[in-house]
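Both counts, for ligands and for their atoms, begin at 1 and track the order of listing. Please read all numbers here as calculations on a predicted model, not as lab measurements.
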Amino acid sequence: MEITIVSDVNYYLFTPMLPQVASGLLHPSNITIPVRYFCKKAKFLQASIEAIDLEQQLVTIQRSFDNKVRTLEYDYLVIALGGQTNYFGNDNIEKHSFTMMSISDAIAVKNHLIVMLEHAAQTGNHELQRTLLTFVVVGAGFAGVETISEINQFLKSSISKSYPSINPKNVNVILISSKDRILPEINEKLAKKASKIIERDGIIIMKNTRAEDADEEHVVLNNGGKLSCATLIWTGGTKMTKVISELKCEHGVNQRIVVDESLMMRNKENVFVLGDCALIKDQSTNSFYPSTAQHVIREGKVVAKNLSLLFNNKRELTKFSFHSLGIMALIGNRVGIATIAGHNISGLAAWLIWRAYYVSKIPTFGKKLNVAVDWFTDSILARDVTHVGVIKKKEIHAIHINKNVPSIKEQLLSNM
Ligand SMILES: Cc1cc2nc3c(=O)[nH]c(=O)nc-3n(C[C@H](O)[C@H](O)[C@H](O)COP(=O)(O)OP(=O)(O)OC[C@H]3O[C@@H](n4cnc5c(N)ncnc54)[C@H](O)[C@@H]3O)c2cc1C
């Protein structure tokens, strides 16, 4: 048996802590774990999957450094390509906003926040300072709410400790929700409480509002309003990548791939699909399982078990069934919210549960330790506001292999 893993990044990303990287609380490498640490017996290829041919059983991949395309044959295929940000076709919003899906998104936001503070610290013009210090997050699901509250905490602590020339009254932190509430993933009572907590913290929530357009320093709203802001972060939804939406198979809601209870693609006995790109029906409720990491981890175990059953010629496969015990989010300085086994919890208790649970879930002892150290350091020291500027990138796809070039050893010897 030979296993090949293909991914366009060479690490596993622990997304629940992504907003904490954006606010500079955690170092990016503390929430990214090299794939090679986990899968020592598998072959790993860092490359982009360009297409999947289900008929010929081929996967076309392209490696990034020289754009070389090759095809991989498979007997069994597991698809777990996740999703990508959905801008609903709005090119201006895509061009002028940040998002919160990848580690580079979080690093970009962190650097941008610091640049905005440095610019604002140099101007006495209130209008300009207000535009530089207006931070808008569109999308009030978990990612949006956690991102805005992290940004809010970062701004509060950094301005008071490091930017005395900034007038805190010019800071506006705005959360835009298209619905009449925030956090549609949790019950209404807890969501109302969360709204109160984050509003008390100074965040403005604009409900029943949609962002319709944007430019470098504005966001245009559906109610005719236009906000002057130099920072727009879009967490307004996800969609499938082209590889998934163009796959010749049955698609369901949001172009996700329809699978059966054993996570097998319909009419394809050698293809399994899991994670955010799979549409899995919960037979007990007749609804679809949500796109969360909690589910994906369990789906992964079912797929592995089913592959092993197939190799052993067993036709009776394991069915996926999982009901989440709870859901939680951090929404302020030492404040969280959680629903655990049907009970609503908020405040310090939820914050402590969040931290204890997620630090136990992040893979490898080293990363757990690094995260704990970052959290401890943050509780006693000011947040780091170093702006790491443009990094020089060396393009290497232009390297041509010349067979007549002497080896490095020969070159060194001839120079002696
Ligand atoms: C900010 C944020 C916070 C979250 N917080 C929580 C939380 O607290 N709890 C929770 O349960 N869930 C949370 N989630 C949701 C959770 O992260 C996702 O449900 C989960 O990551 C989905 O896993 P996946 O394997 O399907 O996709 P992903 O984790 O997206 O992995 C897909 C992988 O495929 C790679 N890839 C994609 N296309 C290609 C291609 N063409 N070629 C090669 N490689 C490709 C990607 O780079 C990525 O590495 C959060 C998500 C975000 C964005």
Determine yes or no for a side-chain-to-main-chain donor-acceptor pair under 3.5 angstrom, with Thr134 supplying the side chain and Val171 the backbone. no
Using a 4.0 Å cut-off to any heavy atom of Met100, which atoms of ligand 1 qualify? 1 (C), 53 (C)
of all protein heavy atoms, closest to atom 10 (C) of ligand 1 is Ala293 N, 3.4 Å
I need the atoms of ligand 1 closer than 4.0 Å to a non-hydrogen atom of Val9, numbered in the order shown. 47 (O), 49 (O)
Other residues, nucleotides, ligands: >12 heavy atoms within 6.0 Å of Asn267 CG: no
Has Tyr358 got any heavy atom lying under 4.0 angstrom from an atom of ligand 1? yes
Where the closest heavy atom to atom 26 (O) of ligand 1 is concerned, which of Asp276, Leu13, Ile297, Thr99 has it? Asp276
So for ligand 1, is Tyr11 a polar contact partner (N or O within less than 3.5 Å, distance only)? no
What atoms of ligand 1 come closer than 4.0 angstrom to any heavy atom of Ser291? 19 (O)
Considering only non-hydrogen protein atoms, determine which one is nearest to atom 25 (O) of ligand 1 and report residue, atom name and distance to 0.1 Å. Val296 CG1, 3.9 Å
Would you mind finding which of Val59, Ile5, Leu81, Asn10 brings a heavy atom closest to atom 34 (O) of ligand 1? Leu81
Do any N or O atoms from the side chain of His251 and from the backbone of Ile244 form a donor-acceptor pair under 3.5 angstrom? yes
Taking the ring centre of each residue, are Tyr12 and Tyr37 less than 6.0 Å apart? no
What protein heavy atom sits nearest atom 2 (C) of ligand 1, and how far off is it? Thr15 O, 3.8 Å
Heavy-atom contact check, 4.0 Å cutoff: does Ala329 meet ligand 1? no
Using distance alone, with no hydrogens and no angle criterion, decide if Ser23 and Arg383 have a side-chain donor and acceptor under 3.5 Å apart. yes
Min N/O separation Gln294 to ligand 1 under 3.5 Å: yes
Should you measure from each heavy atom of Ala47, which atoms of ligand 1 turn up under 4.0 Å away? 43 (C)
Protein contact of atom 33 (C) of ligand 1 - nearest heavy atom, named by residue and atom, plus distance: Ala80 O, 4.0 Å
Can you tell me how the ring of Tyr289 sits relative to the ring of His323, calling it parallel under 30°, perpendicular over 60° and tilted otherwise? tilted
Just which atoms of ligand 1 are under 4.0 Å from any heavy atom in Gly275? 26 (O)
Shortest protein heavy-atom distance from atom 5 (N) of ligand 1, along with the residue and atom involved: Pro16 CA, 3.6 Å
Polar side-chain atom of Glu146 near backbone of Leu330 as donor-acceptor pair, under 3.5 Å: yes
Consider every N or O of Ile49 and every N or O of ligand 1, then say whether any pair is closer than 3.5 Å. yes
Which label fits Tyr87 and Trp234: parallel for a plane angle under 30°, tilted from 30 to 60°, or perpendicular past 60°? parallel
At what distance is the nearest protein heavy atom to atom 44 (N) of ligand 1, and which residue and atom is it? Asp8 N, 3.0 Å
Do any N or O atoms from the side chain of Thr123 and from the backbone of Gln129 form a donor-acceptor pair under 3.5 angstrom? no
Please could you name the atoms of ligand 1 that Ser7 approaches to less than 4.0 Å, counting only its heavy atoms? 43 (C), 44 (N), 49 (O)
Would you mind checking which non-hydrogen protein atom is closest to atom 27 (O) of ligand 1, with the distance to 0.1 Å? Gly82 CA, 3.3 Å
